[in-house]
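All values reported here derive from a predicted model rather than from experimental measurement. Just so you know, residue 1 is the first one in the sequence shown, and it goes up from there.
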Amino acid sequence: MEMDQERFRKQLAFILEIDKEKNILRQTHLTGHGRREDDADHAWHLAVMTWILREYSNQEIDIVRTILMVLIHDIVEIDAGDTYAYDAEAKKTEADREMKAAERIFGLLPEDQGRKLREIWEEFDAYETPEARFAHVMDNFQPMLLNNSNGGGDWREHGVNQSQVRQRNAKTGTGSEEIWSYMQEILAENIRKGSLKP
């Protein structure tokens, strides 16, 4: 069977475009006070964590779908930029910026593949399926783990208080009660150490 050259060209255009995710720096630093992580570092770490920690999901999940979800959830930041979790002003325009980015970036693919990835990206955002809820657990847990490993330095640098972290994680228990319980221990420890404002 002969290759569909137009389809292949679109697939390669998308593959090259998403390489730009490696240039999007996040506020979280790598373990051991390393450099700031980028979106691709973050997505890779979430994918491995999802496979390893899946047994702690409150509900059974489609592991392949969930891993794909965490791998693509921040692709839109190629255009929209990373919005820091505790930047209230930037959060006001985040949804609009990301929607426009999704149109362009997923639109690079052949229609069937673009539609499928867009659906998975929207599913993550909607937070309604077991897969989306667990993907959000991973997305919230990973930066907390890194930050804790660095003595809470990112929280201190940005003057984050415990109510901001609790608000961000208000639904985390819906994806994994066990992991959320552990995350609360991390929060309590960082409040005691003064890394998080009470």
Side-chain angles (χ1 to χ4, degrees), residues 4-30 34-50 64-129 131-147 154 157-158 160 164-165 167-172 175:
D4 180 335
Q5 292 294 329
E6 177 65 11
R7 181 178 178 84
F8 189 56
R9 184 192 63 75
K10 289 179 176 180
Q11 290 166 330
L12 292 183
F14 177 80
I15 288 166
L16 288 173
E17 185 66 16
I18 66 171
D19 186 61
K20 294 175 182 175
E21 193 176 15
K22 298 171 186 173
N23 295 316
I24 309 301
L25 292 178
R26 296 167 48 81
Q27 295 301 316
T28 308
H29 287 77
L30 302 179
R35 64 169 171 81
R36 284 166 57 192
E37 72 172 348
D38 63 46
D39 272 357
D41 295 328
H42 176 62
W44 162 82
H45 210 184
L46 294 186
V48 177
M49 286 174 63
T50 298
V64 173
R65 186 176 187 85
T66 312
I67 288 174
L68 182 56
M69 191 177 290
V70 298
L71 285 171
I72 68 164
H73 80 289
D74 279 339
I75 279 178
V76 294
E77 293 184 0
I78 291 167
D79 288 358
D82 176 57
T83 302
Y84 183 49
Y86 306 110
D87 184 342
E89 196 57 37
K91 285 284 185 191
K92 293 176 185 175
T93 61
E94 181 182 31
D96 185 53
R97 286 182 283 118
E98 291 189 351
M99 197 61 69
K100 288 176 183 166
E103 286 290 326
R104 184 189 76 77
I105 295 166
F106 294 124
L108 295 172
L109 278 165
E111 197 272 334
D112 62 317
Q113 289 182 322
R115 183 179 64 249
K116 185 67 175 173
L117 288 189
R118 176 78 184 257
E119 285 171 4
I120 292 172
W121 177 77
E122 289 174 349
E123 180 182 340
F124 174 82
D125 231 30
Y127 217 126
E128 293 171 352
T129 63
E131 291 76 17
R133 286 191 288 269
F134 194 69
H136 274 280
V137 172
M138 296 296 96
D139 192 34
N140 291 341
F141 187 32
Q142 186 260 3
M144 185 181 286
L145 271 179
L146 294 186
N147 196 13
D154 295 323
E157 180 184 336
H158 295 282
V160 176
Q164 289 174 289
V165 180
Q167 183 179 0
R168 172 171 169 72
N169 285 282
K171 296 191 234 175
T172 299

Show the numbers, then the answer: is there a side chain to side chain contact (heavy atoms under 4.5 Å, CB included) between Arg9 and Leu12? CA-CA 5 Å; Arg9 184 192 63 75; Leu12 292 183; 6.0 Å; no
Under the side chain to side chain donor-acceptor pair (under 3.5 Å) rule, what pairs show up with a residue in residues 66-77, not counting sequence neighbours?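 Qualifying pairs: His73-Asp139.
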Nearest 0.5 Å, what's the [atom1]-[atom2] distance between [X] and [Y]?
X: Trp44; Y: Met49; atom1: CH2; atom2: CE; value: 10.5 Å
X: Ile72; Y: Glu21; atom1: CD1; atom2: CD; value: 10.0 Å
X: Asp39; Y: Lys20; atom1: CG; atom2: NZ; value: 14.5 Å
X: Phe134; Y: Met69; atom1: CZ; atom2: CE; value: 12.0 Å
X: Thr28; Y: His45; atom1: OG1; atom2: NE2; value: 11.5 Å
X: His158; Y: Tyr84; atom1: NE2; atom2: OH; value: 4.5 Å

Side-chain heavy-atom pair [X], [Y] within 4.5 angstrom cut-off:
X: Trp121; Y: Val76; answer: yes
X: Glu103; Y: Asp79; answer: no
X: Arg168; Y: Met144; answer: no

Main chain of [Y], side chain of [X]: is a donor-acceptor contact present, judged purely on distance under 3.5 Å?
X: Asp41; Y: Asp38; result: yes
X: Arg36; Y: Arg26; result: yes
X: Asn147; Y: Asp154; result: yes
X: Arg133; Y: Thr172; result: no

What's the shortest heavy-atom distance between [X] and [Y], and which atoms?
X: Ala101; Y: Ala80; result: CB-N, 4.3 Å
X: Ala40; Y: Lys22; result: CB-CG, 3.7 Å
X: Gln27; Y: Asp82; result: N-OD2, 4.1 Å
X: Leu117; Y: Leu109; result: CD1-CD1, 3.6 Å
X: Met138; Y: Thr50; result: CG-OG1, 3.4 Å
X: Tyr127; Y: Ala132; result: CA-CB, 4.0 Å

If we count only N and O atoms by modelled type, under 3.5 Å, do the side chains of Thr83 and Arg97 hold a donor and an acceptor together?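 Yes - a donor-acceptor pair under 3.5 Å links their side chains.
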Which residues pass the side chain to side chain donor-acceptor pair (under 3.5 Å) test with Glu122, not counting sequence neighbours?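 Partners of Glu122 by the side chain to side chain donor-acceptor pair (under 3.5 Å) criterion, ordered by chain and then number, come out as Arg118.
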Are [X] and [Y] close enough for a salt bridge, meaning some N to O gap below 4.0 Å?
X: Lys10; Y: Asp4; result: no
X: Lys100; Y: Asp96; result: yes
X: Glu17; Y: Arg104; result: yes

Are Ile120 and Phe106 close enough, and set up right, to give a side chain to side chain contact (heavy atoms under 4.5 Å, CB included), and what steps lead you there? CA-CA 11 Å; Ile120 292 172; Phe106 294 124; over 6 Å; no
Residues in side chain to side chain contact (heavy atoms under 4.5 Å, CB included) contact with Ala47, at least two apart in sequence or another chain: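 In terms of side chain to side chain contact (heavy atoms under 4.5 Å, CB included), with neighbours along the sequence ignored, Ala47 is linked to Ile67, Val70, Leu71.
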Between Phe124 and His136, what is the ring plane arrangement, given parallel below 30°, perpendicular above 60°, and tilted in between?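 Geometry flag for His136 against Phe124: parallel rings.
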Return yes when atom CD of Glu89 has more than 12 non-hydrogen atoms of other residues, nucleotides or ligands closer than 6.0 Å, and no otherwise.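 Check fails, neighbour count at 12 or below.
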